[in-house]
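Here is the naming used below: chain letters follow the sequence lines, and residue numbers restart at 1 for every chain. As the structure is a computational prediction, the values presented were derived from the model and not from experiment.
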Number of protein chains: 2
Amino acid sequence: MEHTTAQHPDDLAQRLADSGLRNTPQRELVYKGILARRDHPTAEEVFARAKAEMPTISLATVYNCLETLIDCRLVRAVHFERAPTRYCPNLVPHAHFHDSKTGATHDIDLPDELLSALKKLLPAGYTADAIDITYHGRCAGEEKPENLKTQN
Amino acid sequence: MEHTTAQHPDDLAQRLADSGLRNTPQRELVYKGILARRDHPTAEEVFARAKAEMPTISLATVYNCLETLIDCRLVRAVHFERAPTRYCPNLVPHAHFHDSKTGATHDIDLPDELLSALKKLLPAGYTADAIDITYHGRCAGEEKPENLKTQN
DNA sequence: TGCTTCTCTGGAATCATTCTAAGTTTAGGT
DNA sequence: ACCTAAACTTAGAATGATTCCAGAGAAGCA
């Protein structure tokens with residue numbers, strides 16, 4: 001459970017340096033693509049955003065960069081069933097609400113009490129490093145958005 | 001959130017009939033394979049168990065039967081990251097603890113209070129049909145089991 | 001019995017992701 | 001400045017779980 005909040009492109013260089021990694025244009029671009037909108041993009045979507053600025057960037061590089069960002073704890077991977085992995089720059093512990101109609105994803109903040117209540121459910125000897133929580137349902141007033149290029 | 005408890009091979013015929021589906025040897029076998037052990041097998045593992053009794057059964061059929069069992073609410077699909085889907089005959093609302101060393105999976109019962117506390121976190125207008133909760137961590141006293149054919 | 005529908009099956013197809021091998025860049029040491 | 005090793009990027013091949021497909025089998029019922 002990591003509470004650090006970065007959220008800013010400038011933090012990237014620092015975090016990379018801390019991990020003994022290099023700051024590259026590709027990594028900046030990928031991070032920027034995730035930070036640009038809080039819409040939990042897939043690798044393909046990040047790829048598309050990056051490509052707009054650097055047409056030569058490859059999908060493999062996007063995957064590599066995403067992996068790096070996760071290692072640096074600047075980004076979290078989010079999974080819904082076996083759908084393509086989504087990437088999230090919100091580092092505060094939170095759950096995800098997944099709208100089954102529109103496919104939109106919303107962050108839900110988790111109070112500390114709730115997290116510790118969850119941990120209390122574990123039998124003796126069990127240690128949780130992380131708890132993933134996903135709500136599946138519908139949120140009113142959110143019809144399928146006209147422009148869903150980056151949604152779903 | 002479905003609370004019905006079936007857990008017995010005999011319930012299969014009834015549930016299938018209720019859904020207007022046929023009871024077939026393959027469906028019985030697949031269900032039996034999941035009920036046999038509470039070890040959250042993958043489709044491949046269920047396939048292996050079924051094949052032992054019916055060598056002609058195909059993997060596609062196992063996938064079909066699993067889908068059917070899920071539709072009948074006799075089985076739940078469980079996902080850990082993008083690893084192969086696992087299948088679970090425990091229908092009582094519960095979370096999963098995933099041991100990151102051994103890969104073993106344990107059910108964790110969820111008190112109703114906790115589920116309603118979780119639902120209270122949702123903004124107005126959000127309705128959750130289901131909440132998936134997964135713990136990632138280690139449980140003491142469980143070294144990598146000697147025989148891990150069906151684990152991990 | 002014959003037809004229609006539901007199932008099963010093997011193999012091909014899909015698709016996100018990872019791997020590979022080769023080319024490029026970079027930080028340091030000289 | 002120059003060289004080298006290590007870190008990066010890239011395109012394309014490979015992987016692997018799952019789904020699709022088209023044909024063959026059973027089962028219910030008119």
Side-chain angles (χ1 to χ4, degrees), chain A residues 12-13 15-34 40-51 53-72 75-87 103 150 152, chain B residues 12-13 15-34 40-51 53-72 75-87 103 150 152:
Chain A
L12 174 59
R15 291 295 189 95
L16 287 169
D18 292 350
S19 304
L21 300 168
R22 293 179 191 161
N23 192 3
T24 68
Q26 290 88 344
R27 284 172 179 167
E28 283 187 2
L29 211 46
V30 165
Y31 189 42
K32 199 146 66 85
I34 296 180
H40 304 83
T42 63
E44 289 283 355
E45 286 162 353
V46 174
F47 180 43
R49 292 175 198 179
K51 215 169 182 174
E53 278 195 52
M54 181 189 285
T56 59
I57 197 171
S58 79
L59 179 56
T61 298
V62 170
Y63 274 105
N64 290 340
C65 293
L66 289 169
E67 182 70 31
T68 304
L69 294 175
I70 289 171
D71 290 346
C72 294
V75 163
R76 269 178 60 183
V78 180
H79 301 276
F80 299 129
E81 268 91 66
R82 283 185 48 87
T85 305
R86 293 171 173 284
Y87 300 88
T150 58
N152 173 2
Chain B
L12 173 60
R15 290 294 189 91
L16 288 169
D18 291 351
S19 304
L21 300 169
R22 294 177 191 162
N23 192 5
T24 69
Q26 288 89 345
R27 284 172 180 168
E28 282 187 3
L29 210 46
V30 166
Y31 189 41
K32 198 146 66 88
I34 296 179
H40 304 82
T42 62
E44 289 283 354
E45 286 162 353
V46 174
F47 179 43
R49 292 175 198 181
K51 216 170 183 176
E53 278 194 55
M54 181 190 282
T56 59
I57 197 172
S58 79
L59 180 57
T61 298
V62 170
Y63 273 106
N64 290 339
C65 293
L66 289 169
E67 182 69 32
T68 304
L69 294 175
I70 289 170
D71 290 347
C72 294
V75 164
R76 268 178 62 183
V78 180
H79 302 275
F80 298 129
E81 268 90 65
R82 281 184 51 86
T85 306
R86 292 170 176 283
Y87 300 88
T150 58
N152 175 355

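If you check every strand for non-hydrogen atoms under 4.0 Å, B:Thr24 touches sugar and phosphate atoms only.
B:Glu53 is linked by a side-chain hydrogen bond (donor to acceptor under 3.5 Å, both in side chains) to B:Lys32, counting only residues two or more places apart in sequence or in another chain. With sequence neighbours excluded, no residue forms a side-chain hydrogen bond (donor to acceptor under 3.5 Å, both in side chains) with A:Asn64. With sequence neighbours left out, B:Thr61 forms a side-chain hydrogen bond (donor to acceptor under 3.5 Å, both in side chains) with B:Ser58. By the ring pair (Phe, Tyr, Trp, His ring centres under 6.0 Å) test, B:Phe80 is found to be paired with B:His98, residues two or more places apart in sequence or in another chain being considered.
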Discussion item. I'd like to compare against my own output: the B/S/- annotation of nucleotides 13-30 of chain D with a strict under-4.0 Å heavy-atom distance to protein.
Written reply: ----SSBB------B---
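Residue A:Ile57 contributes atom CD1, which lies 17 Å from atom C1' of D:dG12 at whole-angstrom precision.
From the 5' end on, the contacts that DNA chain C makes with chain B at under 4.0 Å to a non-hydrogen atom open and close at C:dT5 to C:dT17.
At least one donor-acceptor pair closer than 3.5 Å links the side chain of B:Glu45 to the backbone N or O of B:Thr42.
Annotation: side chain of A:Ser19 is not in contact with side chain of A:Asp71 (no heavy-atom distance under 4.5 Å). In this structure the side chain of A:Val78 never reaches within 4.5 angstrom of the side chain of A:Thr85, judged on heavy atoms.
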Discussion item. Under the criterion side-chain contact (heavy atoms from CB on, under 4.5 Å), I'd like the reasoning laid out for B:Arg22 against B:Leu16: C-alpha separation, chi angles, the key distance, then a yes or no.
Written reply: CA-CA 6 Å; B:Arg22 294 177 191 162; B:Leu16 288 169; over 6 Å; no
